[in-house]
Amino acid sequence: MADAPLAKTPVAHASDEEAPLYAPRKKIYPQSVKGRFRTIKWIVLAITLGIYYLLPFIRWDRGPNAPDQAILADLPNRRFYFFFIEIWPQEVYYITGLLVLAALALFLMNAVAGRIWCGYLCPQTVWTDLFYAVERWVEGDRRERMRKAGEKPTVKTVGQKVLKHTIWLMIAWWTGGAWVLYFSDAPTLVKDLATFQAPAVAYIWIGILTFTTYTLAGFMREQVCTYMCPWPRIQAALTDEYALNVTYRYDRGEPRGSAKKNDALRKQGLPAGDCVDCVQCVAVCPTGVDIRNGLQLDCIQCGLCIDACDSVMAKIGRPTGLIAYDTDMNVQARIEGRPEIRRIVRPRTILYAGMIAVVGFVMLAALAMRTSIDVSVMHDRNPVFVRLSDGSIRNAYTVRVANKHLEERSYTLNVEGLPGAQVDVVAGRIDQQGRPIVSVGPDQTLEMRVLVTAVGEHPGETTDVRFVITDLTSGEAAYANDHFKAPR
Ligand code: SF4
Ligand code: SF4
């Protein structure tokens with residue numbers, strides 16, 4: 001008997017069809033707020049933007065042959081200047097060290113107070129905050145903006161929009177403009193930009209950064225934090241129960257209700273919370289989060305809801321701190337009548353702080369011990385050796401000497417490990433003792449061909465040799481190891 005045809009497996013359920021793949025964006029109109037954390041955010045905003053915009057104009061005297069800009073990424077000459085430090089391309093590990101330090105600092109911040117970086121220091125937060133301030137100044141606070149959004153545009157509202165976008169574009173343009181100043185002498189580049197004599201690449205970069213700043217801070221705003229940035233996910237995996245986060249103390253806030261009703265309940269000795277359900281904490285939130293629903297991925301931990309709630313508590317005569325930097329563990333402890341636990345010093349914070357100290361110390365030590373000469377050697381590959389007519393063996397090398405001084409220096413070149421060897425620098429000089437001498441210009445690198453000839457005793461198949469470069473002025477030396485090759 002033939003098998004009955006199988007019933008088709010349903011591919012979708014009604015509930016699947018109802019659930020949208022992506023949540024539609026809810027337009028957010030954050031309300032202005034005053035308070036401790038708002039003040040801290042204004043101060044941080046002023047300091048960080050001040051540093052970003054003004055730093056390229058700070059001068060640092062390095063002598064006659066070097067740029068006098070304190071922070072400069074000199075790409076044509078492949079140098080990075082940071083005040084008294086000059087980093088050459090082969091010292092890029094300092095940049096790696098700085099990135100490691102930055103990552104560890106972020107981990108430490110996270111272990112102490114959650115997403116404090118996101119709430120106060122992240123460029124996305126800082127510029128979005130600035131753009132919101134412009135929006136409020138031009139179009140009014142939350143209610144006014146919400147009302148205007150629901151009305152037909154008028155000449156006045158269109159004019160306000162044009163003004164807002166013009167200011168946004170000016171800020172965005174300055175952001176891009178400041179960025180390129182880190183790559184060239186700032187005062188000269190400003191003059192060249194103003195007279196349209198700057199290189200095209202400067203205008204292109206300003207254009208790119210104007211566009212990204214205008215888009216990210218003016219339009220995408222909280223969407224960047226919620227959907228684009230990987231840090232909230234990484235942070236969620238790194239955090240622990242002791243990290244302080246902006247927390248709604250539901251042990252104090254619930255059951256929520258109107259101030260009048262809760263007062264009446266309190267007088268009757270019945271349970272009544274401090275939350276009056278005014279949703280001021282939601283109205284001021286730049287990401288539209290209701291913190292009373294618990295810790296959420298969208299919350300950037302800016303603390304503005306704390307300010308909003310504190311002012312409500314002050315008005316209704318209840319203690320402030322219904323929303324505060326706290327932990328869910330403490331909320332639970334209070335409910336159960338146990339003492340609160342605040343543990344900033346714990347294994348993970350000690351570990352991060354220790355790692356910061358170690359990496360910082362290693363970098364400082366490397367900086368203190370760095371030489372002002374560098375030498376690198378590359379052995380010729382083909383042929384690896386040459387037998388001369390008198391039977392002696394010669395190897396050829398490319399030797400590169402870097403003079404990090406800001407004046408010309410002369411160096412002697414010695415080859416150790418091959419007694420009696422004759423060392424010749426192609427087109428080089430010889431001093432009175434027969435040693436090859438090379439002169440390298442200020443802050444420059446010299447590449448030279450060096451011929452080493454084993455004289456006398458036949459060397460082994462491979463002999464370790466060391467190229468030693470000695471500064472004739474200071475006596476400072478640098479070396480590089482290589483091999484001398486000979487036939488069996
Ligand atoms: S601001 Fe405070 S009182 Fe008002 S809803 Fe939020 S938590 Fe409750
Ligand atoms: S919930 Fe509070 S701390 Fe979190 S983003 Fe909103 S205002 Fe900031």
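Just so it is clear, the structure is predicted and the values come from calculations on it, not from any experiment. Each ligand, and each atom within it, is numbered from 1 in the order the structure gives.
- Contacts with ligand 2 closer than 4.0 Å are made by no heavy atom of Gln296, backbone or side chain.
- Taking a cut-off of under 4.0 Å to the non-hydrogen atoms of Cys285, the atoms of ligand 2 that pass are 1 (S), 5 (S), 6 (Fe), 7 (S).
- Residue-ligand proximity, Ile323 to ligand 1, at heavy-atom distances under 4.0 Å covers atoms 7 (S).
- The ligand atoms of ligand 1 that sit less than 4.0 angstrom from a heavy atom of Val279 are 4 (Fe), 5 (S).
- Set against the non-hydrogen atoms of Cys299, the atoms of ligand 2 under 4.0 Å away are 1 (S), 3 (S), 4 (Fe), 5 (S).
- Ring orientation note: the planes of Phe80 and Phe82 are close to parallel, at an angle under 30° on the 30°/60° scale.
- The atoms of ligand 2 that sit less than 4.0 Å from any heavy atom of Val289 are 1 (S).
- For residue Cys309, no N/O/S atom approaches atom 6 (Fe) of ligand 1 to within less than 2.8 Å.
- Residue contacts with ligand 1: Met313 is included, with a non-hydrogen atom under 4.0 Å away.
- Within the 4.0 Å heavy-atom cutoff, Thr287 counts among the residues contacting ligand 2.
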Residue pair Glu151, Thr157: steps toward the side-chain hydrogen bond (donor to acceptor under 3.5 Å, both in side chains) verdict: CA-CA 10 Å; Glu151 287 174 357; Thr157 57; over 6 Å; no
Test log, rule side-chain hydrogen bond (donor to acceptor under 3.5 Å, both in side chains), inputs Glu254 and Tyr248: CA-CA 10 Å; Glu254 302 295 322; Tyr248 168 65; 2.5 Å; yes
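- One finds the NZ atom of Lys41 at 10.0 Å from the OG1 atom of Thr48 (value rounded to the nearest 0.5 Å).
- Taking every heavy atom of Ile300 and a limit of under 4.0 angstrom, the matching atoms of ligand 2 come to 4 (Fe), 5 (S).
- Heavy atoms of Asp277 found under 4.0 angstrom from ligand 1 belong exclusively to the backbone.
- Under a 4.0 Å criterion applied to the non-hydrogen atoms of Cys305, ligand 2 contributes the atoms 1 (S), 2 (Fe), 3 (S), 7 (S).
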